[in-house]
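Right, one structure below, let's go through it.
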Amino acid sequence: MAGINVDMEHVIVDSQEMEKEEEVKPQKTKRVASLDIFRGLTVALMVLVDDAGGEWPMIGHAPWNGCNLADFVMPFFLFIVGMAIALALKRIPEKLAAIRKVILRTLKLLFWGLLLQGGYFHDLDKLKYGVDMNRIRLCGILQRIAIAYLVVAVIEITTRQAQSKELPTGWFSIFKLYSWQWVIGACVLVVYLATLYGTYVPDWNFVVQNPDSVHFGKTLAVTCNVRGNLDPPCNAVGYIDRWILGINHMYPRPAWKRSKACTKNSPYEGPFKDDAPSWCWAPFEPEGILSSISAILSTVLGVHFGHVLIHMKDHSSRLLHWICMGIALLVLGIILHFTDAIPLNKQLYTFSYVCVTSGAAALVFSGFYILVDILNLKYLFLPLEWIGMNAMLVYVMAASGIFAGFINGWYYEDPHNTLVFLSSLSLLSSLSIQADSGSEYYEYQKADTKVTSGAASWSELNYKCCLWLDNELLQMERSLSNIYWIKKHIFIGLWHSTRVGTLLYVIFAEILFWAIVAGLLHRLGIYWKL
């Protein structure tokens, strides 16, 4: 996820509508409260890792191999969508009507995905919008959800005759009942693995499009000539996306830019190393074509858990199946990772990653099911339930930053004087005064030798350092001028810590705020449905 700004990561299907589909005989159906709460938790995690991940990189997306908190968000949503598919489509008896609904919802997801992550709202802090069609990002969170939803929903519709059958006795009977779904899932896995390890990746080059880069406008080359490589520059996932999508339509700020190979302060964002490899400046699509094919497996597993909920009538049988399968998936994924057979990798959506994240989703959902549907402790999780019942609204307004951009658009005389943001020019002035000495220039020269290259005298050195410092201050002004007033003066100021203040701000001023909004809308019966 670098955040939803990053890579998301950062995806929402409001499966509330899926679980309330029209029936032949209209009747009020009981919602699965634990599923709503699980969905709400996942939305809250998305907001948390996107907005606090910069200060807490251990919860942000792993730069490459590994699995941090942010890396669970996408597969959790796919798992939830799978469960919702099983619960919703069983209530639509006509296949043609069901397929029409699935196609319409898929088109809606694709539209919102392109609008929110294609680059149209590219700089809301500066009140800028619009996207160059030559550089629109074609893939994204909702696009991946759309693909997985379409494929798995069509499979579910075409095998719906299993819905009317009684579940035979035996541990594997539910697998046999939906055997064709598992066969298709196995085919998806074989295609993914064969392509990932069998595709030859040649050398490639790209033009650096980032205007803040020292290589802006240059053509950089990347040497590969390998097959089956899973490193950042030479894997089949990136190669297929560059070949089909085009490099200009891929995500420009992948999480690998925070890797040890690229960044001085890894896993934090920051300046690149002087000897950083050329691929550090390249785009990469974390929701690309081949990885989205693998992501279908997360939804297939979610559908299976929905089938268990439908066919097994007692709590103990459901929980035994869910927990055992969740532990088995977790153990398998961990073994594959730590034996170096298949590493955990969100950007590649490896099979070990599917196993670990799906196993975790199974156990988390089982925990909510025990607390909410068995012990009736739903009141403890009401904020999460409210978010889960209006997940699309919270995703668009909070996780995608649309609400903050809207509020930021109302200002007084100057765009920096908004209802939300506060200019911090005084801090910049103090930094300028502190740096106004030869000794300070020398310290800057030691910190970044690039600014002194070719300096013939101390005065020229001072001049070059002034230019460098002015540029640094300009970048700081751009970021500091957009500090949240509430975050700065209440949370950060109270705790005297940017990290702690940011974390508390996200929890209370963002997640809790939107939980209250979603709760009020729930009272009014207002939901954002796809």
Decide yes or no for [X] and [Y]: does some side-chain heavy atom of the first lie under 4.5 Å from some side-chain heavy atom of the second?
X    : Y    : value
R39  : D36  : yes
M46  : T42  : no
P343 : L230 : yes

What are the two closest heavy atoms between [X] and [Y], and how far apart are they?
X    : Y    : answer
G306 : L87  : O-CD2, 4.5 Å
Q143 : R137 : NE2-O, 4.4 Å
W256 : W279 : CZ2-O, 3.4 Å

When rounded to the nearest 0.5 angstrom, what distance separates [atom1] in [X] from [atom2] in [Y]?
X    : Y    : atom1 : atom2 : value
I85  : I80  : CD1   : CD1   : 12.5 Å
H249 : R242 : NE2   : CZ    : 15.0 Å
I145 : L150 : CD1   : CG    : 12.5 Å
L41  : I387 : CG    : CD1   : 9.0 Å
I136 : L114 : CD1   : CG    : 5.0 Å

*asked:* Angle between ring planes, W528 versus W112, binned at 30° and 60°: parallel, tilted or perpendicular?
replied: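 Aromatic pair W528/W112 classed perpendicular.
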
*Relative to each other, are the rings of W322 and Y369 parallel, tilted or perpendicular (30° and 60° limits)?*
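Rings of W322 and Y369: perpendicular, over 60°.
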
Hey, would you say the [X] and [Y] ring centroids sit under 6.0 Å apart?
X    : Y    : result
H337 : Y353 : no
F305 : F365 : no
H307 : H321 : no

*Can you list the residues that meet the side-chain hydrogen bond (donor to acceptor under 3.5 Å, both in side chains) rule with R135, with sequence neighbours excluded?*
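Q209, N248.
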
*asked:* Can you tell me which residue among L348, T199, I240 is in a side chain to side chain contact (heavy atoms under 4.5 Å, CB included) with L290?
replied: I240

*Would you say the side chains of T350 and N345 form a donor-acceptor pair under 3.5 Å?*
no

*Between R258 and T263: side-chain donor-acceptor atoms closer than 3.5 Å*: no

